[in-house]
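I have placed the structure first, in the form of structure tokens, so that the comments after it can refer back to it.
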Amino acid sequence: MKKIEIKYITKEQPLVTEKKELAANNKTKSFWTLQGVSLTVNPGEAVGLIGINGSGKRTLT
């Protein structure tokens, strides 16, 4: 069995306060949802993602 290894995952998204800003495709500020996340899972190990709403769990998966 092989291990799973994720290195330096980074994701940037536009920071919008209203949907019309996103639809207008204006230049918006950026928000780093993930920045430099690394993870190694060895055979036989399990991983669970726990966090409050909006903390980036879905973004990582």
Side-chain angles (χ1 to χ4, degrees):
M1 235 188 237
K2 295 183 180 179
K3 67 180 178 182
I4 297 171
E5 192 169 21
I6 299 170
K7 290 186 177 182
Y8 311 113
I9 300 295
T10 302
K11 185 171 183 180
E12 179 183 16
Q13 293 182 321
L15 181 63
V16 294
T17 56
E18 297 180 19
K19 286 186 179 181
K20 64 182 177 183
E21 288 181 41
L22 188 59
N25 211 5
N26 295 334
K27 293 281 183 180
T28 59
K29 294 182 179 181
S30 295
F31 176 75
W32 293 95
T33 52
L34 297 172
Q35 194 168 18
V37 176
S38 297
L39 175 69
T40 301
V41 182
N42 293 309
E45 293 181 334
V47 175
L49 299 175
I50 301 172
I52 61 171
N53 291 349
S55 64
K57 298 179 300 291
R58 175 76 177 173
T59 302
L60 184 58
T61 57

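Nothing fancy with the numbering, it's 1 onward along the sequence. This is a predicted model, so every value here is computed, not measured.
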Those residues at least two apart in sequence (or on a different chain) that pass side chain to side chain donor-acceptor pair (under 3.5 Å) with E12 are S30
Which donor-acceptor pairs under 3.5 Å do side chains of residues 34-47 form with protein atoms, sequence neighbours excluded?
unit_1: S38; atom_1: OG; unit_2: Y8; atom_2: N; d: 3.1
unit_1: E45; atom_1: OE1; unit_2: N42; atom_2: N; d: 2.8

Check your understanding: Who are the side chain to side chain contact (heavy atoms under 4.5 Å, CB included) partners of N53, not counting sequence neighbours?
Key ->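 Counting only residues at least two positions away or on another chain, N53 forms no side chain to side chain contact (heavy atoms under 4.5 Å, CB included).
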